[in-house]
Amino acid sequence: MFLSLVFFFIIITLSVLYLNKFQRKTFGFFLVFLLITIPTTIIYLSKGNLETFFFEEKINKIVQEGINDPENFKNISPQVLIIFLEKKLKKEPNDLQGWLILSRTCVLSGHYQKADKYYKNALELFPKNENILLEIALLKKKTNQTESAEKYLSRLKNLYPSNIKARELLIEIFTNNYMHVKAVKEYKELAIIKKGEKEYLENIKKKYNLY
């Protein structure tokens, strides 16, 4: 708030100096200064919103209270949490959990483009992170961008061969896109990893008709 007020008075002062052509007439200067400042302040107080001066502090307080009391955390508005994390991550970009929470909050609140942007930002900083790769693939699948989903899942599978969820999603995508050969190949690789879990493998085979 203090910086905003300082900036506000600097602008008015420069405006007054300009109007007075930088003449050193003290009385005239202050007269014009007051004639501009008083009406401007009255108009702002009557039409403006003083909460804008305290907006960031208010958000920080709300989120901090939620962190300190998990019961209240669920009551925090997604919009408030998004704004808080956007500001926080500008200052602390290497906060992995911050990126994940921000991206997930965007997904849950339906801001898919923002979520996609933040997952990609996170991937630039953490290119091999298992959670980010899986979650951006799920987002791509959710928004019917199956080619992109496949790309991220394949990357995830190559980095983490034992990631079962990635393989299941690939089987689902290949099946839905009538790519039976690829789906069967993925199933066979999954069967090697899940060797001995006959019931699980049989359920996958039935679910996706991989006979």
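Since the model is a prediction, treat every value here as computed from it, not as a measurement. What's counted below: heavy atoms across the whole structure, side chains too, no hydrogens, waters or symmetry copies.
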Audit row: K87, E92, side chain to side chain contact (heavy atoms under 4.5 Å, CB included) steps and yes/no: CA-CA 9 Å; K87 290 180 177 295; E92 303 172 31; over 6 Å; no
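- When all heavy atoms of S103 and A115 are compared, the closest pair comes out as O-CB, 3.6 Å.
- The line from CG of L134 to CD1 of I132 is 11.0 Å long, rounded to the nearest 0.5 Å.
- When every heavy atom of K120 is checked against every heavy atom of I136, the shortest pair comes out as CG-CD1, 3.9 Å.
- Taking all atoms of both residues into account, the shortest heavy-atom contact from A166 to L153 is CA-CD2, 3.8 Å.
- K194 is not listed as a side-chain neighbour of E189, based on a closest heavy-atom distance of 4.5 Å or more.
- Interatomic distance, OH of Y118 versus CG of L102, reported as 5.5 Å (0.5 Å rounding).
- Taken to the nearest 0.5 Å, the CG atom of D116 stands 7.0 Å off from the OG1 atom of T143.
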Apply the test side chain to side chain contact (heavy atoms under 4.5 Å, CB included) to residues Y119 and W99: give CA-CA distance (whole Å), side-chain angles for both, the deciding distance (0.1 Å), then the verdict. CA-CA 7 Å; Y119 275 129; W99 286 111; over 6 Å; no
Going through the checks in order, is the side chain to side chain contact (heavy atoms under 4.5 Å, CB included) test met by L125 and N94? CA-CA 7 Å; L125 295 166; N94 291 317; 3.9 Å; yes
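- Between L159 and E130 the shortest side-chain heavy-atom distance does not fall below 4.5 Å.
- Put simply, L138 and L96 are part of the same group of oily side chains (I, L, V, M, F, W, Y) that touch within less than 4.5 Å, one to the next.
- The cluster map of Ile, Leu, Val, Met, Phe, Trp and Tyr, joined by side-chain heavy atoms under 4.5 Å apart, puts L139 and L108 in different clusters.
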Would K151 and K140 satisfy side chain to side chain contact (heavy atoms under 4.5 Å, CB included), going step by step from the backbone distance to the final call? CA-CA 10 Å; K151 180 186 73 173; K140 293 293 186 182; over 6 Å; no
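- Going from atom OH of Y187 over to atom OG1 of T175 covers 12.0 Å, rounded to the nearest 0.5 Å.
- A salt bridge does not link E186 to K182: none of the charged nitrogens lies less than 4.0 Å from a carboxylate oxygen.
- There is no path of hydrophobic side-chain contacts, each under 4.5 Å, that joins L169 to Y200.
- With hydrogens and angles disregarded, no donor-acceptor distance shorter than 3.5 Å links the side chain of N177 to the backbone of M179.
- Heavy atoms only, all atoms of each residue included: E150 and I173 are closest at N-CD1, 4.3 Å.
- A continuous path of Ile, Leu, Val, Met, Phe, Trp and Tyr side chains, each step under 4.5 Å between heavy atoms, connects I193 with V184, placing both in one hydrophobic cluster.
- By the 4.0 Å N-to-carboxylate-O rule, E172 lies close enough to K141 to be salt-bridged with it.
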Atom pairs and distances, donor-acceptor, side-chain atoms in residues 201-211, under 3.5 Å, two or more places apart:
unit_1: E202; atom_1: OE2; unit_2: Y211; atom_2: OH; d: 3.1
unit_1: N203; atom_1: ND2; unit_2: E199; atom_2: O; d: 3.2

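- Within the 4.5 Å cutoff, the side chain of L123 has heavy atoms near those of the Y152 side chain.
- The one candidate from I82, L85, I101 that meets the side-chain contact (heavy atoms from CB on, under 4.5 Å) condition with C106 is I82.
- Salt bridge status for E86 with K114: present, with a side-chain N to carboxylate O gap under 4.0 Å.
- Put simply, NZ on K195 and CG on L190 are 14.0 Å apart, with the number rounded to the nearest 0.5 Å.
- Put simply, the side chain of L100 reaches to within 4.5 Å of the side chain of R104, judged on heavy atoms.
- We find the CG-NZ distance between L170 and K165 to be 11.5 Å, quoted to the nearest 0.5 Å.
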